[in-house]
**Q** 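Sharing a structure, written as structure tokens. Questions coming.
Please read these numbers as outputs of a predicted model, since none were measured by experiment. Protein chains get the first letters and strands the later ones, always in sequence-line order, with residue 1 at the start of each.
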Amino acid sequence: VTGGGSHIVRGRAWVFGDAVNTDVMAPGLYFKAPFEELARHCLEAVNPDFASQVRPGDIVVAGRNFGVGSAREQAAMALRHLGVGAVLAASFGRIFYRNALNFGLPALFFPAAGEIAAGDSLEVDVVAGRIRNTTSGREWTVNGLPPHLMDMVAAGGLMPWLKRRLATGGIGAGT
Amino acid sequence: MPVGATLTEKILARAAGLPAVRPGEVVTCRVDLALLLDSGGPRRIWPRLQELGVGVWDPDRIVLCTDHFTPAVDPESAAILKLTRDFAAHFGIRRFFDMRGIGHVVLAEQGFLAPGMFACGGDSHSSMGGAFGCYMAGFGAIEMTGIVVTGEIWLQVPETIRAHWRGQFAPGVVAKDIMLFLCRDLGMENAFRVIEFGGETVARMPMPERMVLTNMAAELGAETGIVAADETTLAALRAAGRSPAADALDWRGDADATYLASHDYDAAALAPQVAAPHSPANSGAVTDFSGEHIDQAYIGACVGAKLSDLRMAAEVLRGRRVASGTRLLVAPASTRAMAEAAADGTLATLTAAGAYLLPTGCGACAALGAGILAEDETCISSTNRNFQGRMGANSARVYLGSPYTVAASAVAGRIADPREFLA
């Protein structure tokens, strides 16, 4: 489902608390700057090392209401741009959740997020909803991606999915 | 209509072309109106339309406003605004409002929303439109791109929570205080839920105050907020030159509809509320925070700088002065609010008290325009959100309050109880 067509994501955990908002993921001060610069400030107010040290495939693990706040899609885009492979949170802000999936960034509801430690190695099957902590050996099963969005996330997000629908005549009057 | 539907369920069923819908069901809705702003609008959507090789599904269902980057202050904001104007011309968008005010407020002024409508906006505070008895929710620009291409969007039908208010406010207490209280009481985690506001207190509120309730449904984390239409709604639409449909008042929940929860609150018992840094949920009675020094007081944003808000501030500031060591910045929410406040003397009262008048637009609320905060500064603001870094420096501290409370604090130079100034 993710980038390379696999639905398994492997990476280190970056752990955040509750109610991390989109203003700190995409600060308004950098809205007019090139996107790469905005992404360098992603989450700096809560973890100044995140943007410079996150590696492709790493997994963001957060508490409740991750992405609360603004509709700014740059929040989900910045995580994607920095290479985050998936977001696991106890719950999500509604627009952030939708934006993440629309950019092909898998977002799973993970009630046991608090049991993950920073730096743990995780392996996540985003379709089956299987989460393995290879550092601690623990394993959880949660809801995978919503069935009605599986095709869209599998296509890499809304843009590739719209392209496919347009190419197959799936968009037009009466659809 | 099937038995036992909430207002939201009725609107979503109609928009999805289904006889009925139930919470949890995933439906695809046809969009009656799409609000695009200069922030997440053309600048983000147009390149995607070009990549897809398509135009917009229906230019007459789009309303486009410039508000986040107005007025242009540097080459980047100038380019964003020019691109927005070019988009309107290129796609023939007739309902284009350039530098006329914050989109959510312009929609109301123009009477574009009507009971039963299904509308989407590219900004989280699009929920404000729900004050007109329609379902209007905010989405990211990527999803607005999908709407602009297809005219439709998927939703998981939300549960409805009823928040009913009875009784009369004490002097100095307004809709903003309700919302700061609810951010604490209902929390900010209400995804897959709609908050329906009602009760006699809400029934007595004029539209600008109802719009505060639905605007800050975004802070509650809800899908949106909604107020069933009544004569006040219809009068506002008529005043905007619209003719409400004959069945407009039929858009309301059934008596036997199912609600996730129903809360009854006493407006008479509510004190002015203030939310402390860095969350709208860190709220309490203003007296809990009295005495905190204020560097900047800000009257601005869709939620807090409508004509009625400017008048609240003027009521406190009449014959008084902003404290030395404190600055009061006022950015009216629309050019109409600015003009009306100029005509009725409100602006003169504000400026005589020492207020510094800023252009109309989203401005400092989201650190995009004039009035941003320096490191370690403290602000009290009539806006809706006080997350860390929201209005500027990460170390800045933002308190939220009603226009009454912000104005009272500007006079005192510290967080102050507006009731002391309105007696």
**Q** Give a yes or no on whether the backbone of A/Glu44 and the side-chain of A/Asn47 come within a donor-acceptor separation of less than 3.5 Å.
**A**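 Between the backbone of A/Glu44 and the side chain of A/Asn47 there is no qualifying donor-acceptor contact (under 3.5 Å).
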
**Q** How long is the gap from CE on B/Met179 to CG on B/Asp185, to the nearest 0.5 Å?
**A**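 Answer for the CE-CG pair, B/Met179 versus B/Asp185, is 11.0 Å.
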
**Q** For A/Phe50 together with A/Phe16, are the ring centres under 6.0 Å from each other?
**A**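 Between A/Phe16 and A/Phe50, the centre distance is under 6.0 Å.
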
**Q** So, A/Asp58 side chain and A/Gly11 main chain: donor-acceptor pair closer than 3.5 Å or not?
**A** no

**Q** Which bit of B/Ser126 is near chain A, if near means a heavy-atom gap under 4.5 Å: side chain, backbone, both or neither?
**A** neither

**Q** If you count heavy-atom pairs under 4.5 Å between each of B/Glu76, B/Glu51, B/Glu219, B/His125 and chain A, which one has the most?
**A**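 The candidate making the most pairs under 4.5 Å is B/Glu51.
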
**Q** Can you tell me which portion of B/Glu223 sits under 4.5 Å from chain A's heavy atoms? Options are side chain, backbone, both or neither.
**A** both

**Q** Side chain, backbone, both or neither: which part of B/Asn190 has an atom under 4.5 Å from a heavy atom of chain A?
**A**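 Neither; nothing under 4.5 Å.
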
**Q** Side chains of A/Asp18 and A/Asn65: any donor to acceptor distance under 3.5 Å?
**A** no

**Q** Which one of A/Arg72, A/Met159, A/Arg98, A/Lys32 has the most heavy-atom pairs closer than 4.5 Å to chain B?
**A**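 Heavy-atom pairs under 4.5 Å are most numerous for A/Arg98.
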
**Q** For B/Leu49, is it the side chain, the backbone, both, or neither that has a heavy atom closer than 4.5 Å to a heavy atom of chain A?
**A** neither

**Q** Verify, without hydrogens or angle tests, whether A/Asn99 (side chain) and A/Ala71 (backbone) share a donor-acceptor contact under 3.5 angstrom.
**A**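 Checking the backbone N and O of A/Ala71 against the side chain of A/Asn99, a donor-acceptor pair under 3.5 Å is found.
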
**Q** Looking at B/Phe192, B/Trp154, B/Phe139, which has the largest count of heavy-atom pairs under 4.5 Å with chain A?
**A** B/Trp154

**Q** If you count heavy-atom pairs under 4.5 Å with chain A, which of B/Met391, B/Met144, B/His68, B/Gln388 comes out on top?
**A**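 Going by pairs under 4.5 Å, I would pick B/Gln388.
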
**Q** Give, as side chain, backbone, both or neither, the part of A/Phe103 having an atom under 4.5 angstrom from any heavy atom of chain B.
**A**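 Side chain of A/Phe103 only, per the 4.5 Å heavy-atom cut-off to chain B.
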
**Q** Verify the ring-centre separation between B/His278 and B/Phe387: is it less than 6.0 angstrom?
**A**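 No; B/His278 has its ring centre 6.0 Å or more from that of B/Phe387.
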
**Q** Taking side chain as everything from C-beta outward and backbone as N, CA, C, O, which of these in B/Ala281 sits under 4.5 Å from a heavy atom of chain A? Side chain, backbone, both or neither.
**A**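 Nothing of B/Ala281, per the 4.5 Å heavy-atom cut-off to chain A.
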
**Q** For chain A, which of B/Ala137, B/Ser395, B/Ala141 has the most heavy-atom pairs under 4.5 Å?
**A** B/Ala141

**Q** Assess, by modelled atom type and distance only, whether the side chains of B/Thr150 and A/Arg165 contain a donor and an acceptor separated by less than 3.5 Å.
**A**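 On atom types as modelled, these side chains do not qualify, holding no pair under 3.5 Å.
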
**Q** Taking the ring of A/Tyr30 and the ring of A/Phe35, is the distance between their centroids below 6.0 Å?
**A** no

**Q** Checking B/Ala218 against chain A: side chain, backbone, both or neither under 4.5 Å from a heavy atom?
**A**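 Interface part for B/Ala218: neither.
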
**Q** Checking side chain to side chain contact (heavy atoms under 4.5 Å, CB included) for the pair A/Phe66/A/Met25: CA distance, chi angles, key distance, verdict?
**A** CA-CA 10 Å; A/Phe66 186 74; A/Met25 290 188 221; 3.5 Å; yes

**Q** I'd like to verify something: which residue of A/Val46, A/Leu166, A/Thr22 has the highest number of heavy-atom pairs under 4.5 Å with chain B?
**A**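 Counting heavy-atom pairs under 4.5 Å, the top option is A/Leu166.
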
**Q** Sort out for me which of B/Asn394, B/Ile142, B/Asp74 touches chain A most, counting heavy-atom pairs under 4.5 Å.
**A** B/Ile142

**Q** What part of B/Arg390 is in contact with chain A, defined as an atom under 4.5 angstrom from a non-hydrogen atom: side chain, backbone, both or neither?
**A** both

**Q** Got more than 12 heavy atoms from elsewhere within 6.0 Å of CG, B/Asp58?
**A**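 Above 12, so yes.
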
**Q** Tell me, for B/Trp57 versus chain A, whether the close heavy atoms (under 4.5 Å) come from the side chain, the backbone, both or neither.
**A**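 For B/Trp57, there is no contact with chain A at all, as no heavy atom is under 4.5 Å.
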
**Q** At a heavy-atom separation under 4.5 Å, does B/Asp123 approach chain A through its side chain, its backbone, both, or neither?
**A**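 B/Asp123 touches chain A through backbone heavy atoms alone.
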
**Q** When only pairs under 4.5 Å are counted, which of B/Leu52, B/Asn384, B/Ile372 shares the most heavy-atom pairs with chain A?
**A**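 If we count pairs closer than 4.5 Å to chain A, B/Leu52 comes out on top.
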
**Q** Non-hydrogen atoms of chain B under 4.5 Å away: do they reach the side chain of A/Leu29, the backbone, both or neither?
**A** both

**Q** I'd like to know if the side chain of A/Asp151 reaches the main chain of A/His148, judged simply by a donor and an acceptor atom lying under 3.5 Å from each other, with no hydrogens or angles considered.
**A**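 No, the answer is negative, given that no donor and acceptor are paired below the 3.5 Å cut-off.
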
